[in-house]
Amino acid sequence: MSQGRIIKALSGFYYVEDGDKIIQCRARGKFRKDEIKPLVGDYVEYQDNYIMKLLPRKNFLIRPPICNVDQALIVSSCKEPDFSSMLLDKFLLVIEHLQIEPIIVISKIDLGDKEVKKYIKDYRKAGYRVYEVSSKNNLGIEELKTVFKDKTTVITGQSGVGKSSLLNALDINLNLETSDISKSLGRGKHTTRHVELIKMYDGYIGDTPGFSSLDLNIKPEELAIAYHDFQEYSHKCKFRGCLHDSEPDCGVKQAVADGMISKERYEHYLMNLQDTKKKEEKKYG
């Protein structure tokens, strides 16, 4: 049997890259029977235009449906739609929980916003790589091109933040469809219809459907150490398994008090923690 990697999934077909060949395949009926679905990014064994076996995954995302990812470009717009630190923090929770390195990209920086600059400073202080770009004015694009080498990168973020425009700015040959912001809804129309890995700057980048909400399927104990900077300060917590909420002598709460973790980011964490606790209670009664 031959081996390759799924680089595109569309209308029930899987496009497997094997060296310099792309083979259009179907999945064996056995996968449907076992309720297993091949994903873009999967390494597979195939034969006679059928995927026979999925090789082990190191991680996977449900929304967007992609696996074996090294890093994620989380795109948040400066304006149109307005920057949301709450939504960005939720993306960071999911991405970091999956042991995928997050890279924050603030798009539409040409529209300018002093308040967003403050957030950028806070995220950099927390140890995140933050890139400020404008696809329209080609600002920050050359710098961003350096992150892809030898990596599989997923690009994700809220609808309308300019993911397709960013990809077009990175590679003008892509000509991906983009759309204007829906004024009545305040968010973008969905323009990307499938998931695909695109070769770019000696690596792969995943163009994925946009979405405006994220489901957190994380236990409270996992949530408490999902952020890398929370994990760093949690070693100073008095109690093992500290959720950084009502417990005394908490290293994370002390870091918030000392200005090492932004108060707003901590408040977002508490909101997500409450949601996670409610889901746990519902699940186990």
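As a basis for the values below, the full set of heavy atoms in this structure was taken, side chains included, without hydrogen atoms, waters or symmetry mates. When a residue number appears, it is its place in the shown sequence, counting from 1.
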Original post:
Any idea which heavy atoms bring Cys25 and Val16 closest together, and the distance?
Top reply: SG-CG2, 4.0 Å
Subject >> Test: Lys118 and Asp122 ion pair at under 4.0 Å >> reply: yes
Original post:
With side chains defined as the heavy atoms from C-beta onward, is the minimum distance between Lys121 and Arg124 less than 4.5 Å?
Top reply: no
Original post:
Just wondering, more than 12 heavy atoms not from Lys53 lying within 6.0 Å of its NZ?
Top reply: no
Subject >> Euclidean distance, Ile23 CD1 relative to Glu17 CD, rounded to 0.5 Å >> reply: 9.0 Å
Original post:
So Lys279 and Lys282, side-chain contact (heavy atoms from CB on, under 4.5 Å) or not? Walk me through it.
Top reply: CA-CA 5 Å; Lys279 282 184 183 177; Lys282 224 174 187 180; 5.6 Å; no
Subject >> Distance in Å, Glu132 CD paired with Leu139 CG, rounded so as to fall on 0.5 Å steps >> reply: 10.0 Å
Subject >> Euclidean distance, Glu96 CD relative to Gln231 CD, rounded to 0.5 Å >> reply: 9.0 Å
Original post:
Donor-acceptor pair, Lys108 side chain versus Glu80 backbone, under 3.5 Å?
Top reply: yes
Original post:
Say you draw a straight line from OH of Tyr227 to NE2 of His244; how long is it, rounded to the nearest 0.5 Å?
Top reply: 11.5 Å
**OP:** Group every Ile, Leu, Val, Met, Phe, Trp and Tyr by side-chain heavy-atom contacts under 4.5 Å, then state whether Tyr204 and Leu10 land in the same group.
**Re:** yes
Subject >> Side-chain touch Leu88/Phe83, heavy atoms, less than 4.5 angstrom >> reply: yes
Subject >> Cluster overlap Val116 with Leu111, hydrophobic side-chain contacts below 4.5 Å >> reply: no
**OP:** Taking all heavy atoms of Gln158 and all of Lys163, pick out the closest pair and write down the distance.
**Re:** O-NZ, 3.5 Å
Original post:
Which is it for Asp89 and Tyr123 under the side chain to side chain donor-acceptor pair (under 3.5 Å) test, yes or no, and what are the steps along the way?
Top reply: CA-CA 10 Å; Asp89 282 341; Tyr123 283 111; 2.8 Å; yes
Original post:
Hey, what's the ring geometry for His228 with Tyr128, parallel, tilted or perpendicular (30° and 60° as the breaks)?
Top reply: perpendicular
Original post:
Do the non-hydrogen side-chain atoms of Leu98 and Val69 ever get within less than 4.5 Å of each other?
Top reply: no
Subject >> Donor-acceptor side-chain pairing of Ser85 and Glu264 below 3.5 angstrom >> reply: yes
Original post:
Taking it one step at a time, do Glu196 and Val40 satisfy side-chain contact (heavy atoms from CB on, under 4.5 Å)?
Top reply: CA-CA 7 Å; Glu196 181 174 358; Val40 167; 6.0 Å; no
**OP:** Could you walk me through whether Phe31 and Leu54 pass the side-chain contact (heavy atoms from CB on, under 4.5 Å) test, one step at a time?
**Re:** CA-CA 9 Å; Phe31 291 120; Leu54 303 184; 3.8 Å; yes
Original post:
Do Val75 and Leu170 sit in the same hydrophobic cluster, where Ile, Leu, Val, Met, Phe, Trp and Tyr count as joined when their side-chain heavy atoms come under 4.5 Å apart?
Top reply: yes
Subject >> Carboxylate-amine/guanidinium proximity below 4.0 Å for Lys253 and Glu247 >> reply: no
Original post:
Are the charged groups of Lys277 and Glu280 less than 4.0 angstrom apart, N to O?
Top reply: no
**OP:** Only one of Thr156, Val105, Val154 passes side-chain contact (heavy atoms from CB on, under 4.5 Å) with Leu73; say which it is.
**Re:** Val105
Original post:
Would you call Val133 and Ile109 a side-chain contact if the rule is heavy atoms closer than 4.5 Å?
Top reply: no
Subject >> Atom pair CD1 (Ile74) and CD1 (Ile95), whose distance is rounded to the nearest 0.5 Å >> reply: 5.0 Å
Subject >> Within-4.5 Å side-chain heavy-atom neighbours: Tyr269 and Val252 >> reply: no
Subject >> Evaluation steps, side-chain contact (heavy atoms from CB on, under 4.5 Å), between Leu197 and Arg5 >> reply: CA-CA 10 Å; Leu197 283 180; Arg5 189 181 195 190; 4.0 Å; yes
**OP:** Treating Ile, Leu, Val, Met, Phe, Trp and Tyr as nodes and any side-chain heavy-atom pair under 4.5 angstrom as an edge, say whether Met271 and Leu223 lie in one connected cluster.
**Re:** no
**OP:** Return the orientation label for the Tyr15 and Phe13 ring planes: parallel under 30°, perpendicular over 60°, tilted otherwise.
**Re:** tilted
Original post:
Take atom NZ in Lys219; do more than 12 heavy atoms of anything else shown fall under 6.0 Å from it?
Top reply: no
**OP:** Determine the minimum heavy-atom distance between Val147 and Tyr131, stating which atoms define it.
**Re:** CG1-OH, 3.3 Å
**OP:** Could you tell me which non-hydrogen atom of Ile155 sits nearest to which non-hydrogen atom of Gly206, and how far apart they are?
**Re:** CG2-O, 2.7 Å
Original post:
What heavy-atom pair brings Pro220 and Leu273 nearest, and what distance separates the two atoms?
Top reply: CB-CD1, 4.0 Å
Subject >> Closest heavy-atom pair and its distance - Pro102, Leu92 >> reply: CB-CD2, 3.6 Å
Original post:
Ser135 side chain to Ala169 main-chain N or O, any donor-acceptor pair under 3.5 Å?
Top reply: no
Subject >> Within one Ile-Leu-Val-Met-Phe-Trp-Tyr cluster: Leu55 and Met1, side-chain cutoff 4.5 Å >> reply: no
**OP:** Tell me, yes or no, whether the heavy-atom count around Met260 atom CE, taken from other residues, nucleotides or ligands under 6.0 Å, exceeds 12.
**Re:** no
**OP:** Answer yes or no: is there a side-chain heavy-atom contact under 4.5 Å between Lys58 and Asp70?
**Re:** yes
Subject >> Polar side chain donor-acceptor pair, Tyr14 to Asp42, under 3.5 angstrom >> reply: no
Original post:
Under 3.5 Å, side chain of Asn59 to main-chain N/O of Asn68, donor-acceptor pair present?
Top reply: yes
Original post:
Distance from Leu93 atom CG to Thr276 atom OG1, nearest 0.5 Å?
Top reply: 8.0 Å
**OP:** State, yes or no, whether a side-chain contact exists between Ile66 and Leu39 at a heavy-atom distance under 4.5 Å.
**Re:** no
Original post:
Can you check whether Arg26's main-chain N or O pairs, donor with acceptor, with Asn49's side chain at less than 3.5 Å?
Top reply: no
Original post:
Given side chains that start at C-beta, do those of Gln274 and Asp245 come closer than 4.5 Å, heavy atoms only?
Top reply: yes
Original post:
Is it true that Arg129 and Glu143 have a side-chain N and a carboxylate O under 4.0 angstrom from each other?
Top reply: no
